[in-house]
Amino acid sequence: MSSERRKIPSSSPIGGILRLTNASLARLPAAIRRPCYNRSSVRPGIVHLGVGAFHRAHQAVVIDDLLAAGSAEWGIVGASLRSPDTRDALAPQDCLYALTVRSGTGTEIRVISSLLAMEVGNDDPERLIARMADPATRIVSLTVTEKGYCHTPQTGELDEAHPDIVHDLASPQAPRSAAGFLVEALARRRQAGVPPFTILCCDNLSANGKTVQRIVTRFAALRSEDLGRWIEDEATFPCTMVDRIVPETTDTDRATVSSALGMTDAWPVITEPFTQWIVEDRFACGRPDLSAAGVQLVSDVTPFEHMKLRLLNASHSALAYLGYLAGYETIAATMADPHFAAFAARVMEEAAVTLKMPDGTDLAAYQASLLTRFANPALHHRTWQIAMDGSQKLPQRLLAAMSDRLQLGLPIDTHALAVAGWMRYVTGRDERDREIDVRDPIAGKLAAIAREAGPVAERLAPALLAVESVFGTFGTDPRVAGTVTEAIARLYRLGARQVLAAD
Ligand code: CS2
């Protein structure tokens, strides 16, 4: 679910002279799997906000399978809220793109055709709102990344002072935020007597459906109490757990895929074989037969969500910060260092005691599979990419498990080292004193705190622990302040690799 900001040329051939389009599908090499259904009979039923690589390698693939099985009314209209880059890359190729699955021992390429059209909210908000308000749209799903919800990560509440929220309350018909688009489209449906769509959040937030429900209904109530109540009563916000590792597509990937296709794909996606989607079965106005495509429909997503956020995402972030500091470019390279692989396993062990595993899921096997997935040498998943937006990720990935462990009277050293890694990282200087391009909605604030504190653990740790939107009052616990300070001191003294080697 990374943000993809690079400018992609929309028509220049990369690997061949042809462009991937409906018309050129027949010329693909036989080894490339292609759509086996009639695209022209597919109608849109889902609008998806945030058409990044993750969506295109995960939900869009499930829908592609369902369309192939005959569910013709569930095609996807994709929307980017700001950047036109994905639309500009995909529109000239009829929204087709190649999905490459790399296991480390082999590669499979398949063309996905569930995306029917692309909108850009920023270019034409009215068009996107009209699409969402159309009665044919029965689900609006989202992967807008954690920061796309304009909330306070620590509390999960709408940040009413967020500039986009202030803007959208003043200009509801031309919104910028996801909440602004959702609420304006819902308001129009209400006015027209059309039932609300289901809002399906597919981002790694804690209790994602419930959190987005709180954010959206609060935003709506700020516009009008009646509207807020209608959304609260009539719309549904199922919780979901989504999982697939999808690194940002590189120029090398574009060239490799285009050459395998024998034609240009301006924005292919690359992923791993593993994929998982768990969905709470609460849809306001119908849904596709998701289980036919391997989606697990359950009544409570919480055990799955905690398992994934606290085992996968926690150790991912831990590896990203410490791996980056140690000079490793990718997660696979970090995992190839046994000290780091052992560290990831320790993060998981610390978190495991806070989990109630989903029925039928074996903890040891799940942890082992994560270590294998991280080590996949065919995925170029940059530590820098995962390190992004830490202020939005820490609470649900690391702090929740730390807090549970403290309540159980258990030590928190490994998690504290991961948090210290984040703090060391957001200072903006790496272990060789080179600049780090820190991407975070509060990067400026974090940099100012780090500048003021200087590279002194006893000053840096308390100053960053006082950032309330991330830590709330958690940092005032002396056990937290003590272990985190100690861990930063060790990182400054020894460097990440030596700290892990000594553990
Ligand atoms: C990663 C996730 O970028 C990140 O923060 O931890 O995107 C991770 O790859 C996915 O959640 C895996 O499902």
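Computed from a predicted model, the values in this text were never measured in an experiment. Position 1 is the first residue of the sequence, and the numbers go up from there. Just follow the structure's listing: the first ligand is 1, and inside any ligand the first atom is 1.
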task = Have a look at ligand 1 and work out which part of Met388, if any, has a heavy atom under 4.0 Å from it: side chain, backbone, both or neither.
result = neither
inquiry  = For Leu371 versus Ala344, what's the shortest heavy-atom pair and its separation?
reply    = CD2-CB, 4.0 Å
query = Heavy atoms only: which of Leu309, Asp243, Leu379 is nearest to atom 12 (C) of ligand 1?
reply = Asp243
inquiry  = With a cutoff of 4.0 Å, is Gln276 in contact with ligand 1, counting heavy atoms of the residue only?
reply    = no
key: His58 side chain vs Gln276 backbone, donor-acceptor pair below 3.5 Å   = yes
inquiry  = I'd like to check which ligand 1 atoms, numbered from 1 as shown, lie under 4.0 Å from a non-hydrogen atom of His316.
reply    = 1 (C), 6 (O), 8 (C), 9 (O)
message = As an exercise, identify every atom of ligand 1 less than 4.0 angstrom from a heavy atom of His381.
response = 9 (O)
key: Asn204 contact mode with ligand 1 (heavy-atom cut-off under 4.0 Å)   = side chain
inquiry  = Among Thr143, Asn313, Ile331, which one puts a heavy atom closest to atom 2 (C) of ligand 1?
reply    = Asn313
ask   = Does the Asp337 side chain pair with the main chain of His339, one donor and one acceptor, at a distance under 3.5 Å?
value = yes
Side-chain donor or acceptor of Trp277 paired with backbone N/O of Cys202 under 3.5 Å = no
Within reach of ligand 1, part of Arg397 (heavy-atom separation under 4.0 Å) = side chain
message = Distance under 4.0 Å to a non-hydrogen atom of Lys393: what atoms of ligand 1 satisfy this?
response = 3 (O), 4 (C), 5 (O)
query = Mind checking whether Lys308 has an N or O less than 3.5 Å away from an N or O of ligand 1?
reply = yes
ask   = Without hydrogens or angle criteria, can the side chains of Asn208 and Thr211 be said to hold a donor-acceptor pair below 3.5 Å?
value = no
request  = Can you see which heavy atom on Arg82 is nearest to which on Val120, and at what distance?
outcome  = O-CG1, 3.5 Å
Exercise answer: donor-acceptor pairs, residues 151-158 side-chain atoms, under 3.5 Å, sequence neighbours excluded:
residue : atom : partner : partner atom : Å
Gln154  : NE2  : Val470  : O            : 2.6
Thr155  : OG1  : Thr152  : O            : 3.4
Thr155  : OG1  : Glu157  : N            : 3.2
Glu157  : OE2  : Arg214  : NE           : 3.3

